[in-house]
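What follows is a set of notes on a single structure, which appears directly below.
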2 protein chains.
Amino acid sequence: MTETTTLRRGEARERLLDLAERTVLDKGFGATSIDELIAGVGITKSAFFYHFKDKNALAQALIERYLENDAAILDQLFARGDELSDDPLQGFLIGLKLFAETLADLPQAHPGCLAASFVYQEQLFSADVRALARAGAVRWRARFRARFEAIAARRPPRIPVDIETLADMATAIVDGGITLGKSMKDPSILPAQVLHFRNYVRLLFDDV
Amino acid sequence: MTETTTLRRGEARERLLDLAERTVLDKGFGATSIDELIAGVGITKSAFFYHFKDKNALAQALIERYLENDAAILDQLFARGDELSDDPLQGFLIGLKLFAETLADLPQAHPGCLAASFVYQEQLFSADVRALARAGAVRWRARFRARFEAIAARRPPRIPVDIETLADMATAIVDGGITLGKSMKDPSILPAQVLHFRNYVRLLFDDV
DNA sequence: GCCGCTCCTATACCATAGGTACAGTTGTAC
DNA sequence: GTACAACTGTACCTATGGTATAGGAGCGGC
């Protein structure tokens, strides 16, 4: 039997990241101790520092995973929206609705946004981690900016708006919705806010 | 001379709070050590624990001060808006513009929202502190909800919206704008987001 | 004028957590 | 069967939050 009662060789790093992500989203990064992580996974402190040179490196790995995952989800949702409509505006509105539904269906409370959570503890992290969080925001900006440019090319907005800050509004409303939802312990807040953003886009570009 | 070269009697607590607020908004609560605070104010550790039973009590005092201050500022701005127009919608839109201008004029970057910052480090804080942060959000909700009810009573929104989540959008957009602004190191983001919220309100209730 | 109270200082000590150093062990691929 | 990746074990250091306890300095009230 190659299988042991504990861990397969090489499995530790992966399980560390899984447990760390759950714990950090639940308790916050500062409140997550290395000791509890290694106890949970069943490895030693030496093993932790073998995989990650310090706690910062763990944060970096976490945020990288997180950003990849969330980009994949958004790609999928908005691709589906565009499948269902040829119009860039209508496809986007469908995508936003799917996004709100996805957020609403998430297992109790939303996962919280790792990137946003790290911004608030800036000095705990190295410049690399902060740069990664910023890169995440830049990707969101680029994604939504491109879409709004395509929409505005077809028909101008009802009132003049700046496309870049409108794109940023997606990021802001999601971060703000997560924060408020966490604070109020109400998971319905985030999807509701996304739908308000959707309303704003409709009122700007659609015939309402 | 009753004045010493260092501190007047009873001044320590006040100066501790001032320094703590500046430091926490700059570096985050977790990254702010008691040692650096007492060194900055020029008192001993014993003095700190005389005034605050633990770091949590400091957080509590900080957030109480912060919430009072921000309520006073909003009261003033929207009162001024109502002075300039008798219509609840127009008064509100003026108030929002004043708010955006106030945020834009703040000394380099915005102060960051203490309440939001504390939400992300939940487990670092006691239930009391979390309840205070939640109370802050509840006050914002009540404030904006009352206003939107007054506005909707005069004329219905162009598309049906839930008033409570619309009120929450103010909180969400400000929190999200602060977070994004911090992440991108761009102080212009927050006021721009407030103006987008204002646009949304205009499109909902005004003739545009 | 001294009593008692608030507002501190001084000293010592403790536990937890992040982190370092380094020597040794084991599974697996080649 | 050996070399390397992936660990274990032990020991130790530092910063930080926090506790305990004794005592001093100014000040208002009686």
Side-chain angles (χ1 to χ4, degrees), chain A residues 1-20 23-24 26-63 118 121-129, chain B residues 1-20 23-24 26-63 118 121-129:
Chain A
M1 298 234 270
T2 58
E3 189 177 332
T4 67
T5 52
T6 50
L7 287 183
R8 290 193 316 275
R9 261 183 91 77
E11 205 190 348
R13 188 191 145 95
E14 197 186 332
R15 303 223 343 207
L16 257 178
L17 283 173
D18 289 340
L19 178 58
T23 316
V24 168
D26 181 42
K27 310 202 303 180
F29 190 78
T32 300
S33 75
I34 294 175
D35 280 349
E36 77 178 291
L37 292 180
I38 63 182
V41 173
I43 54 168
T44 63
K45 211 170 178 181
S46 310
F48 178 92
F49 286 105
Y50 171 75
H51 289 295
F52 305 99
K53 96 174 216 291
D54 53 22
K55 224 186 162 190
N56 245 301
L58 173 67
Q60 209 166 327
L62 279 178
I63 207 168
F118 285 7
Q121 305 162 48
E122 276 198 76
Q123 304 303 322
L124 274 172
F125 300 110
S126 66
D128 309 304
V129 177
Chain B
M1 298 232 270
T2 58
E3 189 177 332
T4 66
T5 51
T6 51
L7 288 183
R8 290 193 315 274
R9 260 179 90 77
E11 202 189 350
R13 190 190 144 96
E14 197 187 332
R15 302 226 339 209
L16 258 177
L17 283 173
D18 289 340
L19 178 58
T23 315
V24 167
D26 180 44
K27 309 203 305 180
F29 190 78
T32 300
S33 76
I34 295 175
D35 280 350
E36 77 179 292
L37 293 180
I38 63 181
V41 173
I43 56 169
T44 64
K45 211 170 178 181
S46 311
F48 178 91
F49 285 104
Y50 171 76
H51 289 296
F52 306 101
K53 98 174 215 291
D54 53 22
K55 223 186 162 189
N56 245 300
L58 173 66
Q60 210 166 328
L62 279 178
I63 207 168
F118 284 8
Q121 305 163 49
E122 277 199 75
Q123 304 304 323
L124 275 173
F125 300 110
S126 68
D128 309 303
V129 176

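Note that the structure is predicted; figures quoted are calculated from it, not measured. Just so you know, these numbers use all the heavy atoms, side chains as well, and skip hydrogens, waters and symmetry mates. So you know, we letter chains A, B, ... as the sequences are listed, proteins then strands, and number each from 1.
Here the closest heavy-atom approach between residue B/E36 and residue B/L19 is recorded as O-CD2, 4.4 Å. Closest approach of B/L37 and B/A20 over heavy atoms only: CD2-CA, 3.8 Å. Taking every heavy atom of both residues into account, B/L62 and B/L17 meet most closely at CD2-O, 3.6 Å. Considering all non-hydrogen atoms of both residues, A/F52 and A/R13 come closest at CE2-NH1, 3.5 Å.
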**OP:** For side-chain contact (heavy atoms from CB on, under 4.5 Å), just list the numbers for B/V41 and B/E11, CA-CA rounded to whole Å, side-chain angles, deciding distance to a tenth of an Å, and then say yes or no.
**Re:** CA-CA 10 Å; B/V41 173; B/E11 202 189 350; over 6 Å; no
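Consecutive pairing runs in DNA chain D reach the stem threshold at C:1-30 with D:1-30, where a stem means at least three Watson-Crick or G-U wobble pairs with distances under 3.5 Å.
One interatomic measurement links the two molecules: CG of B/L16 to P of C/dC7, which rounds to 13 Å at whole-angstrom precision. Put simply, CD1 on B/I38 is 13 Å from C1' on D/dA15, counting in whole angstrom units. Computed from coordinates, the B/E11 CD to C/dC8 P distance equals 9 Å when rounded to whole Å.
By the 4.5 Å heavy-atom criterion applied to side chains, A/F49 and A/I34 are counted as neighbours. Side chains of B/K53 and B/Q60 form no contact here, defined as non-hydrogen atoms less than 4.5 Å apart.
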**OP:** Sugar-phosphate atoms are those with a prime plus P, OP1 and OP2; base atoms are the rest. Using that split, label each nucleotide of nucleotides 9-23 of chain C B, S or - for protein heavy atoms under 4.0 Å, 5' to 3'.
**Re:** BBB------BBB---
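In summary, of the residues considered (B/D26, B/L58, B/V24), a side-chain contact (heavy atoms from CB on, under 4.5 Å) with B/T32 occurs for B/V24 alone.
Contact between the side-chain N/O atoms of B/H51 and the OP1/OP2 oxygens of C/dC8 is found at a separation under 4.0 Å.
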